[in-house]
**Student:** 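Encoded as structure tokens, here's the structure I'll be asking about.
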Amino acid sequence: MGDDIEGDYSELARYLARSEVTIHSMMGNNDDRQGLRAKLPLPQGAMAEFIQYAIETPQGMMICLDTHKPGSHAGAFCAARQDWLEQTLRRAGDTPAYIFMHHPPLALGLPKQDEIMLEDSAAFLDLIGRHANVKHLFMGHVHRPTCGSIRGIPFATIGALSFQAPAPRPAWDWESFEPAPEAPHYAVVEFTNDSVVLQFTQFCSVDFAVTE
């Protein structure tokens, strides 16, 4: 979000209200909890102090986490958020759980983005490792698509709706940063009885992404 928190969230709320599908908002590193909560609806049962909630679906439990750390581009996952996640995963039992979060809890081989990953990553990974029902992690933040596994749990990041970060080689830093000549995209997750498929869709030209 920009400097006009009230205006930004008000405009976003008006835009999302036109959607024909249900939108569930999550916190990114540039968001404001109070502003988001004031203008955008949250599912029943969301945490009072964090934008963190779980949605039960026929495919499993979709868990949306708040990894925002005020004043930092890095992420945090404090004891209160950890306790909530522990209880939520226990309540899910054998139901498959899919976790959506902004900050990756592991280094991705993207040197500059790895500097601002989730700071409480070890505690987070220890927590989810105690629950066999965690089936997949979906993450953002790095402005590049990556995939792999961590402690046997598959993960994927998606690119951005705006600009894409350059590949890690040749090396770059924030002073020399220039967006990669790659188009913005969004991702669609398809769940079936025994599979999870993530599809990426470009929605505008590369020229628009680099120049706008």
Side-chain angles (χ1 to χ4, degrees), residues 1-5 7-9 11-16 18-19 21-33 35-36 39-40 51 62 64-77 98-119 121 136-148 150 154-190 196-212:
M1 307 303 291
D3 294 330
D4 181 10
I5 293 174
D8 287 347
Y9 282 111
E11 184 60 31
L12 179 59
R14 285 192 291 271
Y15 179 80
L16 296 181
R18 303 200 301 266
S19 174
V21 299
T22 302
I23 304 292
H24 298 292
S25 301
M26 292 179 57
M27 288 290 292
N29 58 292
N30 290 314
D31 276 301
D32 177 87
R33 291 192 184 97
L36 189 154
K39 296 297 180 180
L40 300 176
I51 310 299
M62 309 297 159
C64 299
L65 301 182
D66 179 343
T67 59
H68 178 66
K69 180 181 179 180
S72 173
H73 289 297
F77 202 63
Y98 301 94
I99 294 178
F100 296 80
M101 57 196 299
H102 187 73
H103 293 85
L106 72 156
L108 297 170
L110 305 174
K112 303 314 295 181
Q113 295 98 314
D114 289 345
E115 293 175 0
I116 51 174
M117 57 181 271
L118 187 71
E119 293 179 350
S121 58
H136 211 294
L137 303 178
F138 300 95
M139 306 167 295
H141 192 50
V142 296
H143 288 236
R144 288 201 66 79
T146 70
C147 63
I150 178 72
F155 72 82
T157 67
I158 65 173
L161 296 174
S162 55
F163 62 86
Q164 308 309 308
R169 289 173 292 276
W172 54 272
D173 57 30
W174 296 118
E175 286 71 31
S176 64
F177 173 84
E178 291 185 5
E182 302 171 5
H185 66 256
Y186 61 86
V188 176
V189 186
E190 294 189 355
V196 176
V197 176
L198 188 64
Q199 298 182 349
F200 300 97
T201 301
Q202 296 181 352
F203 61 87
C204 72
S205 69
V206 173
D207 290 342
F208 178 88
V210 172
T211 61
E212 289 297 315

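Here the structure is a predicted model, which means the values were calculated and not measured.
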**Student:** For the backbone of Gly28 and the side chain of His68, can you confirm whether one donor and one acceptor N or O come within less than 3.5 Å of each other?
**Tutor:** yes
**Student:** Rounded to the nearest 0.5 Å, what separates atom CG in Leu110 from atom OG1 in Thr146?
**Tutor:**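 Between Leu110 CG and Thr146 OG1, I get 6.5 Å after rounding to 0.5 Å.
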**Student:** Do side-chain atoms of Thr157 reach the backbone of Arg144 as a donor and acceptor pair under 3.5 angstrom?
**Tutor:**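 Between the backbone of Arg144 and the side chain of Thr157 there is a qualifying donor-acceptor contact (under 3.5 Å).
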**Student:** Measure across Ile5 and Gly35 and return the closest heavy-atom pair with its distance rounded to 0.1 Å.
**Tutor:** CG2-CA, 4.0 Å
**Student:** State, to 0.1 Å, how close Ala180 and Pro166 come at their nearest heavy-atom pair, and which atoms those are.
**Tutor:** CB-CA, 3.8 Å
**Student:** Run through Leu12, Ile51, Leu36 and flag the one making a side chain to side chain contact (heavy atoms under 4.5 Å, CB included) with Ser25.
**Tutor:**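 Of all the options given, the one that passes is Leu36.
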**Student:** I'd like to check the ring-ring contact (aromatic ring centres under 6.0 Å, His included) partners of Phe100; sequence neighbours left out, ordered by chain and number.
**Tutor:**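 Once residues adjacent in sequence are excluded, the partners of Phe100 under the ring-ring contact (aromatic ring centres under 6.0 Å, His included) criterion are Phe138.
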**Student:** Under a 3.5 Å distance rule, please check whether Tyr98 uses its side chain to pair with a backbone N or O of Val196 as donor and acceptor.
**Tutor:**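 Absent.
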**Student:** Taking the side chain as everything from C-beta on, heavy atoms only, tell me whether Gln113 gets closer than 4.5 Å to Pro168.
**Tutor:** no
**Student:** Can you list everything that forms a salt bridge (charged side-chain N to carboxylate O under 4.0 Å, His left out) with Arg14? Sequence neighbours excluded, please.
**Tutor:**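 Partners of Arg14 by the salt bridge (charged side-chain N to carboxylate O under 4.0 Å, His left out) criterion, ordered by chain and then number, come out as Glu11.
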**Student:** Would you give the length of the straight line joining atom CG of Leu40 to atom CD1 of Ile23, rounded to the nearest 0.5 angstrom?
**Tutor:**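 Answer rounded to 0.5 Å: 10.5 Å.
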**Student:** With sequence neighbours excluded, what pairs up with Phe177 under the ring-ring contact (aromatic ring centres under 6.0 Å, His included) test?
**Tutor:** Phe163, Trp172, Trp174
**Student:** About how many Å separate CD1 of Ile116 and CG of Asn29, when rounded to the nearest 0.5 Å?
**Tutor:**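 Between Asn29 CG and Ile116 CD1, I get 6.5 Å after rounding to 0.5 Å.
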**Student:** Quick one: closest heavy-atom pair of Pro105 and Met117, and the distance?
**Tutor:**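 Residues Pro105 and Met117, closest heavy atoms: C-CE, 3.6 Å.
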**Student:** Do you know the tightest heavy-atom contact between His136 and Ala156?
**Tutor:**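 Minimum heavy-atom contact is CE1-N, 3.8 Å.
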**Student:** If I take atom CZ from residue Arg33 and atom CG from residue Asp66, how far apart are they, to the nearest 0.5 angstrom?
**Tutor:**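 Those atoms lie 4.0 Å apart.
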**Student:** Can Leu106 and Met139 be said to form a side-chain contact (heavy atoms from CB on, under 4.5 Å), step by step?
**Tutor:** CA-CA 11 Å; Leu106 72 156; Met139 306 167 295; 4.2 Å; yes
**Student:** Of the non-hydrogen atoms in Ala183 and Ser205, which two are nearest, and what is the gap between them?
**Tutor:**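 For Ala183 and Ser205, the tightest heavy-atom pair comes out as CB-C, 4.2 Å.
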**Student:** Got a sec, which residues hit side chain to side chain contact (heavy atoms under 4.5 Å, CB included) with Leu161, two or more places apart in sequence or on another chain?
**Tutor:**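 For Leu161, the residues satisfying side chain to side chain contact (heavy atoms under 4.5 Å, CB included) (neighbours in sequence not counted) are Tyr186, Phe203.
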**Student:** Nearest 0.5 Å please: distance from the CD atom of Gln164 over to the NE2 atom of His185.
**Tutor:** 5.5 Å
**Student:** Scan for salt bridge (charged side-chain N to carboxylate O under 4.0 Å, His left out) pairs involving residues 163-176, sequence neighbours excluded, and state none if there are none.
**Tutor:**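 As it turns out, there is no salt bridge (charged side-chain N to carboxylate O under 4.0 Å, His left out) pair with a partner in residues 163-176 once direct neighbours are skipped.
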**Student:** Measuring from Met27:CE to Asp32:CG, what's the distance to the nearest 0.5 Å?
**Tutor:**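 It is 6.5 Å, given to the nearest 0.5 Å.
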**Student:** The criterion is ring-ring contact (aromatic ring centres under 6.0 Å, His included); which residues satisfy it with His141, sequence neighbours excluded?
**Tutor:** His102, His103
**Student:** Heavy atoms only: give me the nearest Gly7-Asp4 pair and the separation to one decimal.
**Tutor:**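 Reported closest heavy-atom pair: N-OD1, 2.9 Å.
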